[in-house]
Amino acid sequence: MTTAPTHAKGLEGVIAGETEICKVEQAALIYRGYEIADLAANASFEEVAYLLLVGEKPTPDQLAAFKSELVANRNLAEPVLKFLRSSGDLVNHHSAVPMDILRTAVSIAGHMDQDCQDNSPEANLKKSKRLLAKIPTIIGHMQNSIDRTDFIEQDPTLSHSANLLWMMTGKNPSEEAVKVMDVSLVLYAEHDYNASTFTSRVISGTLSDMHGAVTGAIAALKGPLHGGANEAAMDMLAEIRTDIGHENDEAKINAWMQSAFANKRKLMGFGHRVYKNGDHRAPILHALGRKAAEARGDDFVKLFELGESVQNIMETQKNIFPNVDFPCGMTYFTMGIPVPQYTPIFVASRITGWCAHIMEQHANNRLIRPRVAYIGPAPRNWND
Ligand code: COA
C-alpha cells in the first residue's frame, strides 16, 4: 500500500502566491507598506480604499475625484432594487440571512454592469469602484426591507461610513459613530490570503469575472470561522448574558467558561490561523468600542466588561487571544446595528481587498490548481 504524500491540513503555513497588496506578520499588518495602526489613526476609509485599489496614497485632488466617483455610483439598477424589495420577506419568512441577500444582490448587479465580462485593468478598476459604492446601498435597502420601511435614499454629502449608517437607520449618525465605523472599515479592509480572498483569487484565476469572484468571496466570508465570527461573537456574549444575567458575576462567568472548555466549544472571536500571540487590530477597535459604550450607558459598559472577563480567562487559561471580530461584535452592538448586518458591513470594507487581489490575479495570472492526496478505496471492479 502506498502512503499518501504529506500535506498541510487547511493549507497551514503554505505560501500559495505573491502579492504587493498586504503583509500579515505576528507583530504587524501592512497595507502596501503602511502599518495598520498608522492607517487606523491617520487615514480615512476612502483613502485606504484608494491605496488598496490603485496602489498609492491619493493626493487631495485624487481623493476628491475618487469620492465623487463613489457617490455617483451608489445607486442601484432596477433589477437589484426589485430583488431587494423582496429581501425582507426572504429574511423574515424564509431561510435567507443578510449575507445571502448581499451575495445575490452583487450577482444581479453583475448582470447590469456593462463591463461585467471585461477583465482588463481599466474595466476591473471601474467595477471595483462600482462595487465599493453600491454595497452600502444594498445593505441599507436590505435593512429597510427587513424593517418594512421605504428605501432610504443615499446622501451624497456623506462619507462611505456615514452614508452606510444613514441608509440602514434613517438617522443622522453622530461624528463619534462615524469615526468608529470608519476605523472598523479600515481595520477590515485587507488581510492577504484569508479564506474569502483566496476564494476570489481561485475564481479569478480561471479568468472568470470580478462580480463572480466577489460573489464567491461573500459566500466564504459568511462562515463563522471567518467573517461570520463578528456576529457569532456577539451571539455568544448574548447567550452568556441570558445564562448568567447582566451583573457580570465573576464566579458565574468562570463557571460558564469552564463548561465551554469541558464541552470543547470554540469561542467565537478568539484564535487566529496566523496571529498566535494576538491580533493587533483587536485592541484598536476594543478601545474605540469601549469609549462608545461609555458614552452610551451602563449596560453597554457592562457588555464590554463581560467581554474583558471572557478575554482574560481565554488568555490566562488557554493562551488564546481575541481576533478583531471579538471587539467588533461588542462595538457594532453598542452602535445599535442589527447583529445579522455585522458581516455584510465587513463586506462593505473587504470589497476593497478582494478587488485589489482580483486585479492582481488577472494582471499576472496562472490557474490555481493544487493537487490532493487520495485516501479513498483501492482500485476495485464494478462487477465484483
Ligand atoms: N476557542 C477555543 N479553542 C480554540 C479556539 C477558540 N476560538 N481557537 C483555537 N482553539 C484551540 C483549538 O481547539 C486547538 O486546540 P487543540 O490543539 O487542543 O485541538 C488549538 O487552539 C489550535 O487551534 P486550531 O484549530 O489549530 O486553529 P486554526 O488555525 O485551525 O483555526 C480559527 C483558526 C480562527 C478557525 C480558530 O481559532 C477558530 O475557530 N476561532 C473561532 C472563530 C473565529 O473567531 N474566527 C475568526 C478568525 S479571524
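Atoms within each ligand, like the ligands themselves, are counted from 1 in listed order.
Closer than 4.0 angstrom to ligand 1 by heavy atom are Pro224, Leu225, His226, Ala229, Arg265, Lys266, Leu267, Met268, Gly269, Phe270, Gly271, His272, Arg273, Lys276, Met314, Ile320, Asn323, Asp325, sorted by chain and number.
Residues forming a side chain to side chain contact (heavy atoms under 4.5 Å, CB included) with Arg380 (at least two apart in sequence, or on another chain): Pro377. Checked against side chain to side chain donor-acceptor pair (under 3.5 Å), Arg290 has the following partners two or more places apart in sequence or in another chain: Glu294, Glu308.
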If you apply the rule ring-ring contact (aromatic ring centres under 6.0 Å, His included), what do you find for Phe304 with His286, and how did you get there?
CA-CA 9 Å; Phe304 268 79; His286 187 104; 5.3 Å; yes
For residues 61-68, which side-chain donor-acceptor pairs fall under 3.5 Å, sequence neighbours excluded?
residue, atom, partner, partner atom, Å
Gln62, OE1, Thr59, N, 2.8
Gln62, OE1, Thr59, OG1, 3.3
Ser68, OG, Ala64, O, 3.0

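Classification of the Phe198-Tyr193 ring pair by plane angle, with boundaries at 30° and 60°, yields tilted.
For the side chain to side chain contact (heavy atoms under 4.5 Å, CB included) test with Tyr31, the passing option among Asp38, Ile21, Ile36 is Ile36; the others fail.
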